[in-house]
Amino acid sequence: MSGGGCSVRAIWILTPHDAVAFSRRFAVVEKRWRVAWEAEGGARAEMMPLPADYEVAAAFAERRRREGTARGSGIRTSMSSAGSDSWVDDPITRHIISLHIDKEEGEGFMLWPVVLQKRGSYYILVLPLADPQSFKAYESLLKRSDCGSSAKEKGNLSSILLNLPCITGALMVAHVIGDIITGDTAEPEVIVSTGPSVGGLLDSLTGSIGISARPKPIAAPVAAPTASISSPVGAPQSESLKGGMRPFDKDLLRNFILGAMPFGTPQDLNYANVTSVRTTGFSADPLPTDQKQPAWKPYLYKGRQRTLFSSLETLNAALYDRDDVQDFLSVSGQVTCRAELEGLPDVSLPLSGLKAARVEVSSFHHCVQASEPTNDKQTLIFQPPLGNFVLMHYQASCNMDPPVKGFYQLSMVSENEGAFLFKLRLMEGYKSPFLMEFCMVTMPFPRRRVASYDGNPSVGTVSMTEHSIEWRIVSSGRGLSGRSIEATFSGTVRFHPITIQRVNSSFRSVPSTAFVEDSDSEQDNTKNGANLDDYLMEKMNKDLQAVNLEEPLSWQAYNYAKVSFKIVGGTLSGLTIDPKSVTIYPSVKAPVEYSMQASSGDYILWNTLGKCPSAALPKLL
């Protein structure tokens with residue numbers, strides 16, 4: 001049974017208040033589970049039926065109480081008891097858990113393996129079909145005194161899970177269900193230019209005045225059902241959390257489960273594919289006898305043929321402007337694709353620039369066959385699915401100078417006034433077709449309220465919010481291409497006087513362990529009327545030492561400025577695609593378009609006059 005892929009016995013979605021918001025059971029898989037136990041020569045299957053929703057909710061609440069949090073610690077402590085997940089002393093028990101079901105009549109029993117994933121305010125539980133031998137092996141682990149996570153130990157949890165491919169499938173099921181209930185079902189962007197580029201001097205001139213061809217995202221070609229007003233599909237997850245627990249569209253989830261995993265066995269967990277099949281149906285065109293239609297392409301494309309590729313990179317940087325601390329630059333990127341091709345062709349895509357990019361980690365879509373890298377190139381061969389998809393992810397080094405470099409200084413001249421100075425250089429060493437579409441620098445002051453500021457930058461405009469000053473150097477309507485500019489900004493910032501508001505004394509009785517990463521903070525706050533932010537504010541006011549005049553902005557933390565930008569026309573890592581080298585077999589007349597875009601992630605300018613965190617890097621051998 002363990003080698004037969006993944007089948008799911010049941011799915012539950014629980015609220016933070018230990019109530020079942022949604023459940024689905026699969027009778028066909030449950031019958032297979034009973035047959036497997038009967039083949040073992042025992043009657044335990046009759047004693048371990050699928051529990052009712054209220055029994056699952058009670059068991060989850062009991063596990064939360066026993067382990068301390070919903071996920072638990074994953075390590076054995078003095079509070080652990082034999083029979084609990086933490087007794088196994090393996091961190092993976094924070095994600096693959098057991099539930100002990102208590103019955104009013106007769107003995108209770110255990111559900112295992114239960115895959116747990118928290119998304120938004122909800123807990124998703126997926127119970128896959130596991131063979132009796134693995135179940136009994138885990139039962140013995142719960143009673144052993146010498147169990148642990150040692151790789152050399154026979155019969156440890158890792159060796160048990162290695163023989164259960166259903167765990168991987170259940171994790172994928174839980175992940176896609178989480179995407180649906182939080183609204184995170186959008187397909188990846190594929191960027192194309194709205195107009196042709198002639199290159200050279202004309203691109204430099206038009207780019208500098210903001211009229212060059214600008215890229216835009218391409219919408220996904222597959223249709224999806226329109227969610228109801230009460231559905232969170234399409235709404236950011238943060239909005240769901242701000243207003244408390246938000247209901248999700250149960251009919252949408254139910255229809256997805258029916259199409260994606262009929263009778264409990266996952267067939268296609270791609271949300272776009274499943275919704276397309278429901279709205280469009282399968283292709284009626286006959287396939288050639290020598291071709292087999294892959295699962296990731298449920299129907300064939302008809303229409304104008306073309307192939308689009310996009311390189312989307314994010315640059316994370318920490319710039320110190322100090323001799324004793326080295327700057328840090330790292331690029332994380334992805335190549336997205338949209339292949340509007342008829343039939344089932346094979347696409348061959350050569351990647352170049354591997355040596356310059358110094359790619360550290362890469363992963364590929366499951367339709368891709370990647371060759372071994374040779375010299376500076378690597379070839380990817382794939383049968384593309386419909387719609388936008390991520391062809392590959394990669395982590396690489398930055399092959400160019402930072403697009404924004406310089407220094408930032410901030411010094412407090414009094415308790416409520418500080419003097420600052422920026423001296424930056426943008427796009428130095430970047431030539432056409434690189435185009436910076438926008439650039440903004442933000443000075444955040446999370447623990448102070450900004451009253452006013454003085455100073456005029458050499459370029460751009462300045463605006464103020466309650467807790468920050470924003471300097472927009474390059475506006476969205478006027479790009480910067482083919483040249484570099486120097487931008488300076490000096491001035492003063494004034495803050496409102498510090499006022500410490502003491503909150504309700506009931507917070508003092510709340511233990512700090514109640515607010516760990518995945519604990520019952522929602523439930524605890526409901527009981528005592530407390531607010532987590534207020535509690536943390538009082539704890540800071542109570543525990544931290546008096547604020548030093550030199551570092552009052554972040555409560556003895558670090559001062560920094562954050563840079564946001566977007567650059568099109570090239571990659572920062574050097575990893576690129578040559579559209580002319582892309583081949584399609586059987587040969588078709590289909591243009592290949594390629595676009596490149598880089599944006600800022602955590603791009604930090606540390607205050608050269610203050611403290612800054614840094615890590616000592618090992619010397620290169």
Nearest heavy atoms of Ala174 and Val126, plus distance in Å: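 Between these two residues, the closest heavy atoms are CB-CG2, 3.9 Å.
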Thr15 and Ala21: which non-hydrogen atoms are nearest, and at how many Å?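 Shortest heavy-atom contact: CG2-CB, 3.9 Å.
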[Y] versus [X], side-chain donor and acceptor atoms under 3.5 Å:
X	Y	value
Arg66	Ser84	no
Tyr394	Glu313	yes
Ser134	Asp131	yes

Look up atom [atom1] in [X] and atom [atom2] in [Y], then write down how far apart they are to the nearest 0.5 Å.
X	Y	atom1	atom2	result
Asp89	Asn156	CG	CG	11.5 Å
Ser348	Ile584	OG	CD1	10.0 Å
Leu99	Leu111	CG	CG	6.0 Å
His95	Ile167	NE2	CD1	12.5 Å

Check: [Y] main-chain N/O paired with [X] side-chain donor or acceptor under 3.5 Å:
X	Y	result
Arg119	His175	yes
His100	Gly83	yes
Tyr585	Val588	no
Arg76	Trp87	yes
Ser573	Leu575	yes
Gln117	Gly178	no
Gln378	Ser371	yes

Does Arg24 count as lying over the ring of Phe22, i.e. NZ or CZ under 6.0 Å from the six-ring centre, within 45 degrees of the axis? no
Step by step, work out the side chain to side chain contact (heavy atoms under 4.5 Å, CB included) result for Cys367 and Gln383. CA-CA 6 Å; Cys367 71; Gln383 275 193 0; 5.6 Å; no
Can you check salt bridge (charged side-chain N to carboxylate O under 4.0 Å, His left out) on Arg338 and Glu340, steps first, answer last? CA-CA 6 Å; Arg338 176 178 168 188; Glu340 297 173 343; 2.3 Å; yes
Should the ring pair Trp112 and Tyr138 be called parallel, tilted or perpendicular, given that the plane angle runs from 0 to 90° and is split at 30 and 60?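 It falls in the parallel class, under 30°.
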Return the set of residues passing ring-ring contact (aromatic ring centres under 6.0 Å, His included) with His365 (not counting sequence neighbours), or none when no residue passes.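 By the ring-ring contact (aromatic ring centres under 6.0 Å, His included) rule, His365 matches Phe389.
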With sequence neighbours left out, what residues match Arg25 under side-chain contact (heavy atoms from CB on, under 4.5 Å)? Ala10, Trp12, Ser23, Leu50, Asp53
Excluding sequence neighbours, so at least two apart, what forms side-chain contact (heavy atoms from CB on, under 4.5 Å) with Thr265?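 Partners of Thr265 under the side-chain contact (heavy atoms from CB on, under 4.5 Å) test: Ser7, Arg32, Gln267.
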Residues Arg94, Glu67; criterion salt bridge (charged side-chain N to carboxylate O under 4.0 Å, His left out); working and verdict: CA-CA 10 Å; Arg94 302 182 74 244; Glu67 300 290 344; over 6 Å; no
I'd like to know whether CD of Glu342 has more than 12 heavy-atom contacts from other residues, nucleotides or ligands below 6.0 angstrom. yes
Does any non-hydrogen side-chain atom of Val28 lie less than 4.5 Å from one of Lys31? no
